[in-house]
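Read through the structure below, which is laid out as structure tokens, and then see the notes.
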Amino acid sequence: MKYEELHAEMVAAMKAKDKVRLGVTRLVLGELKNAASRGGAHEITEEETTAQIKRTLKQTNETLEMSEKAGNNEERTQNLREQVAVLESLLPAQVSGDELAALIEQVIAEVGAESKKDMGRVMGALTKATNGNFDKPAAAQMVGARLA
């Protein structure tokens with residue numbers, strides 16, 4: 001997702017009075033602006049935006065897990081679930097299923113992997129090919145089965 005698209009999402013959330021989406025987009029935009037100001041003035045790239053959304057999603061998921069374990073504030077837990085859903089909707093669709101299987105075969109051929117020892121190289125190349133946007137547990141299982 002591009003920075004401009006994220007900003008447009010924030011404006012749309014304001015107009016729709018969607019408090020959860022507005023809060024999440026403001027949070028991510030604020031973090032991006034802070035990171036950009038620390039690193040010197042530069043154009044915020046699509047990769048930086050996606051990486052920030054993933055970081056925020058990871059943090060929110062961790063908070064959600066702790067909230068569910070504590071089990072004492074259902075309203076807060078539900079709000080965190082909604083935030084996770086919004087963050088996931090901001091990310092591009094993950095490569096999975098048949099598309100992932102075909103990509104794994106292609107990467108194995110490119111890397112020349114022959115045994116389980118090469119699994120790290122295959123997963124690294126797969127991460128580069130998809131920009132880390134794939135179902136990692138499913139991919140690891142497929143690669144492991146293929147290289148067994």
Side-chain angles (χ1 to χ4, degrees), residues 1-108 116 118-148:
M1 172 168 278
K2 294 181 180 173
Y3 180 82
E4 295 79 20
E5 292 172 345
L6 188 60
H7 192 272
E9 280 282 332
M10 182 186 72
V11 171
M14 277 186 214
K15 289 180 180 177
K17 296 184 181 359
D18 185 345
K19 290 181 181 180
V20 174
R21 184 170 289 274
L22 177 61
V24 168
T25 53
R26 278 185 173 161
L27 174 68
V28 174
L29 286 169
E31 289 294 327
L32 283 168
K33 287 178 184 177
N34 287 340
S37 66
R38 282 188 303 252
H42 71 281
E43 189 77 20
I44 298 172
T45 65
E46 188 171 345
E47 291 80 23
E48 289 172 321
T49 305
T50 302
Q52 182 59 53
I53 294 171
K54 285 181 180 180
R55 274 193 299 275
T56 306
L57 176 60
K58 182 181 177 193
Q59 291 169 348
T60 307
N61 269 326
E62 289 170 355
T63 306
L64 175 60
E65 284 179 26
M66 287 187 277
S67 181
E68 287 174 338
K69 284 181 184 176
N72 55 358
N73 191 344
E74 186 57 38
E75 185 178 326
R76 180 174 173 0
T77 304
Q78 183 58 35
N79 187 31
L80 288 167
R81 284 187 191 113
E82 291 171 10
Q83 289 177 12
V84 166
V86 169
L87 287 164
E88 287 174 343
S89 74
L90 296 174
L91 290 171
Q94 286 195 330
V95 179
S96 61
D98 293 339
E99 187 180 357
L100 180 60
L103 188 58
I104 287 171
E105 289 299 323
Q106 178 185 342
V107 167
I108 288 174
K116 283 213 181 214
D118 301 319
M119 189 164 174
R121 288 190 1 228
V122 172
M123 293 299 286
L126 193 58
T127 300
K128 278 187 179 177
T130 62
N131 200 14
N133 198 26
F134 64 99
D135 185 1
K136 290 166 188 62
Q141 186 177 16
M142 286 181 201
V143 171
R146 172 67 172 74
L147 297 177

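We number each residue from 1, following the sequence as shown.
Taking every heavy atom of both residues into account, Met119 and Ala140 meet most closely at CE-O, 3.1 Å. In plain terms, the two heavy atoms of Lys33 and Tyr3 that are nearest each other are CE-OH, 2.9 Å.
Residues meeting the salt bridge (charged side-chain N to carboxylate O under 4.0 Å, His left out) test with Arg146, sequence neighbours left out: Glu105. Looking at residues two or more places apart in sequence or on another chain, you find a salt bridge (charged side-chain N to carboxylate O under 4.0 Å, His left out) between Asp118 and Arg121. Under the salt bridge (charged side-chain N to carboxylate O under 4.0 Å, His left out) criterion, Glu4 pairs with no residue, sequence neighbours left out. For Asn131, the side-chain contact (heavy atoms from CB on, under 4.5 Å) partners are Glu47, not counting sequence neighbours.
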CA sep, side-chain torsions, deciding dist, call: Glu74, Arg81, salt bridge (Lys or Arg N to Asp or Glu O under 4.0 Å): CA-CA 10 Å; Glu74 186 57 38; Arg81 284 187 191 113; 3.2 Å; yes
Test Gln106 against Leu103 for side chain to side chain contact (heavy atoms under 4.5 Å, CB included), laying out the working first. CA-CA 5 Å; Gln106 178 185 342; Leu103 188 58; 3.9 Å; yes
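Just one residue in the list Val24, Thr25, Thr50, Ile44 forms a side-chain contact (heavy atoms from CB on, under 4.5 Å) with Leu6, and that residue is Thr25. Of the options Ile104, Leu100, Leu126, a side-chain contact (heavy atoms from CB on, under 4.5 Å) to Val95 is made by Leu100 and by none of the others.
Atom OG of Ser67 is separated from atom CD of Glu75 by 11.0 Å, given to the nearest 0.5 angstrom. Note that CD of Glu65 is 11.5 Å distant from OG1 of Thr60, once rounded to the nearest 0.5 Å. The structure places NZ of Lys69 at 11.0 Å from CG of Leu64, a figure rounded to the nearest 0.5 Å. A distance of 6.5 Å separates CD1 in Ile53 from OG1 in Thr49, rounded to the nearest 0.5 Å.
Annotation: side chain of Glu99 is not in contact with side chain of Phe134 (no heavy-atom distance under 4.5 Å).
Pairs of residues two or more places apart, or lying in two chains, never qualify as salt bridge (Lys or Arg N to Asp or Glu O under 4.0 Å) while including a residue from residues 126-143.
Under a cut-off of 6.0 angstrom, the local environment of CD in Glu68 is crowded, with over 12 non-hydrogen atoms contributed by other residues, nucleotides or ligands.
A salt bridge between Glu43 and Lys2 is absent, with no side-chain N of the basic residue lying under 4.0 Å from a carboxylate O of the acidic one.
A distance-only check finds a donor-acceptor pair linking the side chain of Asn133 to the backbone of Ala93 [under 3.5 Å].
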Review item, side-chain donor-acceptor pairs of residues 82-91, under 3.5 Å, at least two apart:
from	atom 1	to	atom 2	distance (Å)
Ser89	OG	Arg21	NH2	3.3
Ser89	OG	Val86	O	2.6

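Side-chain contact of Thr63 with Gln59: a donor-acceptor pair under 3.5 Å is absent, judged by distance alone.
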